[in-house]
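Read through the structure below, which is laid out as structure tokens, and then see the notes.
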There are 2 protein chains.
Amino acid sequence: MTVNSVPAEITTLCAALAEGTRWEILTALGSEDLSASDLARALPVSRQAIAKHLQVLESAGLVERTRAVPESTSGSVRYHAVGAPLARLAAQLETIGRGWDRRLATIKEVAEAREKD
Amino acid sequence: MTVNSVPAEITTLCAALAEGTRWEILTALGSEDLSASDLARALPVSRQAIAKHLQVLESAGLVERTRAVPESTSGSVRYHAVGAPLARLAAQLETIGRGWDRRLATIKEVAEAREKD
DNA sequence: GGTGGGTGCAACCCTATAGTTGCAGTCATC
DNA sequence: GATGACTGCAACTATAGGGTTGCACCCACC
């Protein structure tokens, strides 16, 4: 019953990924760079809603503003999806889940061994 | 900008994993089988709050009721954490993230190639 | 200079949900 | 049979968060 706390990044990332609209944003930004207005045009929500989601995603590290290209001084801010946080999260979840299942396997083995005698 | 929808299991699992209290429950149930009352005693929340969390976790497949042991007919219901959903989620997140990063790498390559001439 | 596209901030609904208390039922033990 | 431990359901509060509208600003272009 040791309540060893889980890294805060896990809950932050999971919270960011627990929303359908944010996944639509992410998959869109995973295939091309887009601005908030672009996304608002493609999705059935307002630009301000998109902006809030982008804020959440950016602070979770799942999205980055593409570096302000000097060629276009236009105010348009474009975003793209970043995979590294997903990879880190996946690795952590995988090891955690493996630990749980190993414990269950051990219990099962013990039970079977006791069954034999 | 193809808005290809993401499997519902992903958002369900992420939502279940986006909560600190649920992680405390999960880590506890990952190291030993416990009942709702046990958890309520170990954590600073009421038993009913625990029960609600267990319901969420169970419907996400992250937790299972240990089969009613015939040796003890007591009404106590014990739970344990299940790792398989975490493994599935990890695999999906990993491939998704890899796709995003591959695209970024390609863009970078193209930019560098253009830089050369 | 006016107009249109893009951005940011703030106030505001409204639903979902984490948490609580309270009560009823069930099973063991004394 | 009464007491205590466990479970389940229901009502309620309160906060977070997804979504909206509205306004102000900046920059480009006509």
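Letters A, B, ... are given to chains in the order of the sequence lines, protein chains preceding strands, and every chain is numbered from 1. Everything numeric in this text was worked out from a predicted model, so none of it was measured.
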Do the side-chain N or O atoms of B:T21 get closer than 4.0 angstrom to the phosphate oxygens (OP1, OP2) of C:dG19?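 Yes.
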Report yes if a side-chain nitrogen or oxygen of A:H53 is closer than 4.0 Å to either non-bridging phosphate oxygen (OP1 or OP2) of D:dG19; otherwise report no.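 Answer yes for this pair, as a side-chain N or O of A:H53 is under 4.0 Å from OP1 or OP2.
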Starting at [atom1] of [X] and ending at [atom2] of [N], how long is that distance when rounded to a whole Å?
X: B:L39; N: D:dT7; atom1: CG; atom2: P; value: 10 Å
X: A:E24; N: D:dG18; atom1: CD; atom2: P; value: 14 Å
X: B:E19; N: D:dT15; atom1: CD; atom2: P; value: 16 Å
X: A:L17; N: D:dG18; atom1: CG; atom2: P; value: 12 Å
X: B:D38; N: D:dA5; atom1: CG; atom2: C1'; value: 11 Å
X: B:E58; N: D:dT7; atom1: CD; atom2: P; value: 13 Å
X: B:I50; N: D:dC6; atom1: CD1; atom2: P; value: 14 Å
X: A:L43; N: D:dG19; atom1: CG; atom2: P; value: 10 Å

Single-linkage hydrophobic cluster, 4.5 Å side-chain cutoff, A:Y79 and A:L34 together: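 Cluster IDs for A:Y79 and A:L34 match.
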Let's test your reading of the model: under 3.5 Å, does the base of D:dG19 pair with the side chain of A:K52 as donor and acceptor?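 Looking at the base of D:dG19, it does pair with a donor or acceptor on the side chain of A:K52 (distance under 3.5 Å).
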Describe the nucleic acid contact of A:S46 in one word from base, sugar-phosphate, nothing, applying a heavy-atom distance below 4.0 Å.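 The residue A:S46 makes base contact.
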Look at the side chain of [X] and decide which nucleotide, out of [options], has an atom nearest to it.
X: A:S76; options: C:dT7, D:dG19, C:dA18; value: C:dT7
X: A:R22; options: D:dT20, D:dG18, C:dG19; value: D:dG18
X: A:S37; options: D:dT7, C:dG6, D:dT20; value: C:dG6
X: A:R65; options: C:dT20, C:dG8, D:dG19; value: C:dG8

Can you list everything that forms a salt bridge (Lys or Arg N to Asp or Glu O under 4.0 Å) with B:E19? Sequence neighbours excluded, please.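 Listed in chain order: nothing, the list is empty.
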Using the test salt bridge (Lys or Arg N to Asp or Glu O under 4.0 Å), find all partners of B:R47 that sit at least two apart in sequence or belong to another chain.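 For B:R47, no residue satisfies salt bridge (Lys or Arg N to Asp or Glu O under 4.0 Å) once neighbours in sequence are set aside.
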Using every non-hydrogen atom in the two residues, find where A:S76 and A:S35 come nearest and quote the distance to one decimal.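 For A:S76 versus A:S35, the nearest heavy atoms are OG-CB, 3.7 Å.
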Who pairs with B:E9 by side-chain hydrogen bond (donor to acceptor under 3.5 Å, both in side chains), at least two apart in sequence or on another chain?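 Partners of B:E9 under the side-chain hydrogen bond (donor to acceptor under 3.5 Å, both in side chains) test: B:R88.
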Could I get a table of every N or O pair under 3.5 Å where one atom is in the protein and the other is in nucleotides 22-26 of chain D?
| residue | atom | partner | partner atom | Å |
| --- | --- | --- | --- | --- |
| D:dG22 | O6 | A:Q48 | NE2 | 2.9 |

What pairs of residues pass the side-chain hydrogen bond (donor to acceptor under 3.5 Å, both in side chains) test when at least one of them lies in residues 52-61 of chain B, not counting sequence neighbours?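 side-chain hydrogen bond (donor to acceptor under 3.5 Å, both in side chains) check on residues 52-61 of chain B returns B:R22-B:H53, B:E58-B:R65.
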Residues in side chain to side chain contact (heavy atoms under 4.5 Å, CB included) with A:L104, at least two apart?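 By the side chain to side chain contact (heavy atoms under 4.5 Å, CB included) rule, A:L104 matches A:D101, B:H80.
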